[in-house]
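Remember, it's a predicted structure, so these values are computed and weren't measured experimentally.
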Amino acid sequence: MKKAMTLILCCIMLTGLLAACASKTTNNSAGQKTNETPAVAEATQKPADPVEVTMAYWANAAEQKNFEFMVKGIEEKYPEVKVKLQQYPTSDEFWKAVPAAIAAGVGPDIIAMSDEGNYEYIAKGVLEPLDELIETVGFDKSRITTSLYKGWTDSDKLYGIPYDSSTSMLAINKKMFDQSGITKYPETMDEMLELAKAMTKDGVKGIVGSIDPFHITQYVHAFGGGWNFGKTINSAENVKGLQFFVDMFLESKVAIAPIEIGAPWDGEVFSKEKGAMSTAGPWYVGYLKEANPGLEMIALPMPKGTVNAQSAYSHGLSILQGSKNKEAAMKVITYALRDEAQTDAIETVGYSPAVSALLPKYLEKYPELKPVFDNMEKAGMPFAYPEQTKAFHADLLKGVEEIIFKNGKLPVKELLDELQEKYGQK
């Protein structure tokens with residue numbers, strides 16, 4: 001039986017070889033026989049189809065125009081690459097659909113996301129380290145504002161390329177500052193506190209103390225701390241920064257939380273002139289033009305606690321570990337971050353760019369923000385939240401609210417000790 005089967009297989013293979021040999025001799029249009037060499041035959045074959053790279057993101061109408069511009073004309077630079085844009089109208093829809101697609105093995109090649117919640121995906125191995133791909137494709141890392149990379153780096157590996165930039169700042173109501181009797185802008189947290197005391201009057205509090213991770217982190221950074229992806233939640237520096245924040249409510253009584261007046265966020269409290277200062281960001285400029293055009297705002301770098309620091313963060317483009325087209329995806333990122341696309345983001349969306357050389361173009365529109373961005377480039381710090389970011393946020397805010405609104409029964413250090421135990425890296 002085995003011999004018979006072997007004979008059959010040999011016959012099949014021989015037939016295939018003969019057919020292959022015969023196919024090399026064909027009749028041309030003149031009826032003549034032509035023997036093509038393999039090299040000639042290969043040269044006459046149809047070029048391979050471009051590799052399709054899918055980029056997923058959430059975007060409003062203006063942002064969508066910029067994403068389209070990011071990849072417009074890429075086929076001229078990289079004819080071997082084709083881009084498919086996958087837009088979601090909101091971040092909620094993005095985070096419902098994309099993780100499910102990744103789990104099913106049909107995720108996109110590139111995702112755009114903020115570095116505020118990226119560590120979960122870094123720690124779980126969802127994102128691909130980009131260092132070797134950057135070298136292979138030849139992306140110039142030095143074009144990007146250096147401090148922005150901190151939020152995308154873990155264990156000396158880079159997991160995303162920033163395509164915009166943002167930072168924190170101190171916003172001050174100029175009219176209230178002029179009426180305070182203080183003539184020097186605050187450069188330290190102690191000076192800020194004294195100014196807040198002077199401006200707390202006539203139903204106005206000196207500062208908006210938004211009980212929110214973004215705002216709490218400003219105080220943590222100012223005193224030399226940081227969450228460090230869960231490594232240092234209960235550090236002495238973090239305790240000091242959070243204690244300063246809490247004491248503005250309990251001891252000095254100069255702070256107001258948005259929840260106290262039914263406001264959804266800090267900007268509304270500031271625009272309604274119920275808080276004379278606020279830890280803020282560049283978005284206050286555009287918001288105030290709509291919410292309170294008559295309010296003149298002073299924008300300053302974050303005051304120093306024990307160190308000079310303020311947040312530096314970004315949206316970035318990351319490649320998924322499961323992508324089958326990683327090198328092509330890196331080419332897409334390289335093209336998407338060209339100067340022309342960054343300039344379009346300034347004009348179309350109002351983004352501050354990630355490319356440091358183009359920041360002056362943004363500041364031409366918003367010259368009042370120059371000191372803020374200058375300080376970001378020198379002293380920018382990432383949020384670096386722990387892996388379980390959403391749960392950590394919820395427990396941090398719940399704990400701080402209990403301290404402030406329930407007579408301060410739980411000490412700050414005890415709260416951070418509990419969070420370290422629950423969310424810290426072991």
Side-chain angles (χ1 to χ4, degrees), residues 116 167-172 186-200 204-228 232-261 263 265-267 269-270 274-281 300-311 379 381-386 392-420 423:
E116 290 181 79
T167 188
S168 53
M169 69 186 197
L170 182 66
I172 304 177
E187 296 179 1
T188 69
M189 283 289 172
D190 288 340
E191 290 174 354
M192 185 191 77
L193 182 59
E194 290 307 308
L195 178 58
K197 290 176 180 177
M199 293 193 295
T200 298
V204 176
K205 291 288 189 177
I207 192 162
V208 183
S210 188
I211 303 174
D212 176 273
F214 172 90
H215 299 273
I216 290 171
T217 301
Q218 308 316 315
Y219 294 91
V220 165
H221 281 166
F223 286 91
W227 310 116
N228 199 16
T232 56
I233 295 173
N234 64 343
S235 69
E237 293 82 4
N238 286 2
V239 171
K240 191 169 184 178
L242 183 54
Q243 190 67 58
F244 185 94
F245 179 83
V246 166
D247 286 346
M248 291 193 304
F249 287 90
L250 300 180
E251 300 295 330
S252 307
K253 302 187 185 303
V254 298
I256 181 171
I259 194 173
E260 294 182 80
I261 62 167
W265 72 298
D266 50 282
V269 183
F270 187 77
K274 295 296 184 181
M277 292 187 288
S278 180
T279 45
L300 299 175
M302 284 301 303
K304 176 181 177 181
T306 56
V307 301
N308 178 26
Q310 67 186 50
S311 297
M381 293 289 293
F383 288 104
Y385 295 125
F392 169 74
H393 284 175
D395 283 351
L396 173 64
L397 303 190
K398 179 183 176 183
V400 172
E401 286 178 353
E402 287 179 352
I403 292 172
I404 292 172
F405 298 121
K406 295 185 179 180
N407 302 318
K409 292 180 180 178
L410 182 67
V412 164
K413 186 177 186 313
E414 185 177 326
L415 169 63
L416 294 183
D417 284 343
E418 288 182 2
L419 295 176
Q420 181 71 54
Y423 299 109

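- Listed by chain and number, the residues in a salt bridge (charged side-chain N to carboxylate O under 4.0 Å, His left out) with Glu116 amount to none (sequence neighbours excluded).
- Glu187 contributes atom CD, which lies 10.0 Å from atom NZ of Lys304 (distance to the nearest 0.5 angstrom).
- No more than 12 heavy atoms of other residues, nucleotides or ligands shown are found within 6.0 angstrom of CD1 on Ile259.
- Under the 4.5 Å side-chain criterion, counting only non-hydrogen atoms from C-beta, Ile172 is in contact with Pro186.
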Distance-only donor-acceptor hits, side chain of residues 218-228, under 3.5 Å, sequence neighbours excluded:
unit_1 : atom_1 : unit_2 : atom_2 : d
Gln218 : OE1    : Ser168 : OG     : 2.7
Gln218 : OE1    : Ser311 : OG     : 3.1
Gln218 : NE2    : Phe214 : O      : 2.6
Gln218 : NE2    : Ser311 : OG     : 3.1
His221 : NE2    : Pro382 : O      : 3.2
Trp227 : NE1    : Thr217 : OG1    : 3.0

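- With hydrogens and angles ignored, the 3.5 Å screen pairs a side-chain donor or acceptor of Gln310 with a backbone N or O of Met302.
- Residues Gly275 and Phe270 approach most closely at O-CD1, 3.4 Å, considering heavy atoms.
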#### Entry: Residue pair Phe245, Thr279: steps toward the side chain to side chain contact (heavy atoms under 4.5 Å, CB included) verdict
CA-CA 11 Å; Phe245 179 83; Thr279 45; over 6 Å; no
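- Scored by the side chain to side chain contact (heavy atoms under 4.5 Å, CB included) test, Val239 finds Val412, Lys413, Leu416 as partners (sequence neighbours excluded).
- In this structure, Pro303 and Met192 have side chains that are in contact, with non-hydrogen atoms separated by less than 4.5 Å.
- Taking each heavy atom of Lys205 and Val254 in turn, the nearest pair found is CB-O, 3.4 Å.
- For the pair Lys274 and Val204, the minimum side-chain heavy-atom distance is 4.5 Å or more.
- Taking Lys197 as the reference, Glu194 meet the salt bridge (charged side-chain N to carboxylate O under 4.0 Å, His left out) condition, with sequence neighbours excluded.
- Residues satisfying the salt bridge (charged side-chain N to carboxylate O under 4.0 Å, His left out) test with Glu401, not counting sequence neighbours, are none.
- If you take CG on Leu242 and CD1 on Ile233, they are separated by 12.0 Å, rounding to the nearest 0.5 Å.
- Across all non-hydrogen atoms, the minimal contact from Asp395 to Leu419 is CB-CD2, 3.6 Å.
- Taking the salt bridge (charged side-chain N to carboxylate O under 4.0 Å, His left out) definition, one finds that Glu260 meets it with nothing, sequence neighbours left out.
- Remark: the backbone N or O of Pro258 is not paired with any side-chain donor or acceptor of Asp266 at under 3.5 angstrom.
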#### Entry: Check against side chain to side chain contact (heavy atoms under 4.5 Å, CB included), Phe405 and Val400
CA-CA 8 Å; Phe405 298 121; Val400 172; over 6 Å; no
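- Shortest non-hydrogen contact noted between Asn238 and Thr232 is ND2-O, 2.7 Å.
- Residues Met277 and Leu195 approach most closely at SD-CD2, 3.7 Å, considering heavy atoms.
- Nearest heavy-atom pair, Gly206 versus Thr200, reported as atom, atom and distance to 0.1 Å: N-OG1, 2.8 Å.
- One finds the CG atom of Leu396 at 4.5 Å from the CD1 atom of Ile216 (value rounded to the nearest 0.5 Å).
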### Task
With side chain to side chain contact (heavy atoms under 4.5 Å, CB included) as the test, would you mind laying out the steps for Ile207 and Met248 before giving the verdict?
CA-CA 9 Å; Ile207 192 162; Met248 291 193 304; 4.0 Å; yes
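- Side chains of Ser252 and Leu193 form a contact here, defined as non-hydrogen atoms less than 4.5 Å apart.
- Note that the NZ atom of Lys253 and the CG atom of Asp247 stand 10.5 Å from one another [nearest 0.5 Å].
- A heavy-atom distance below 4.5 Å is found between the side chains of Pro386 and Phe392.
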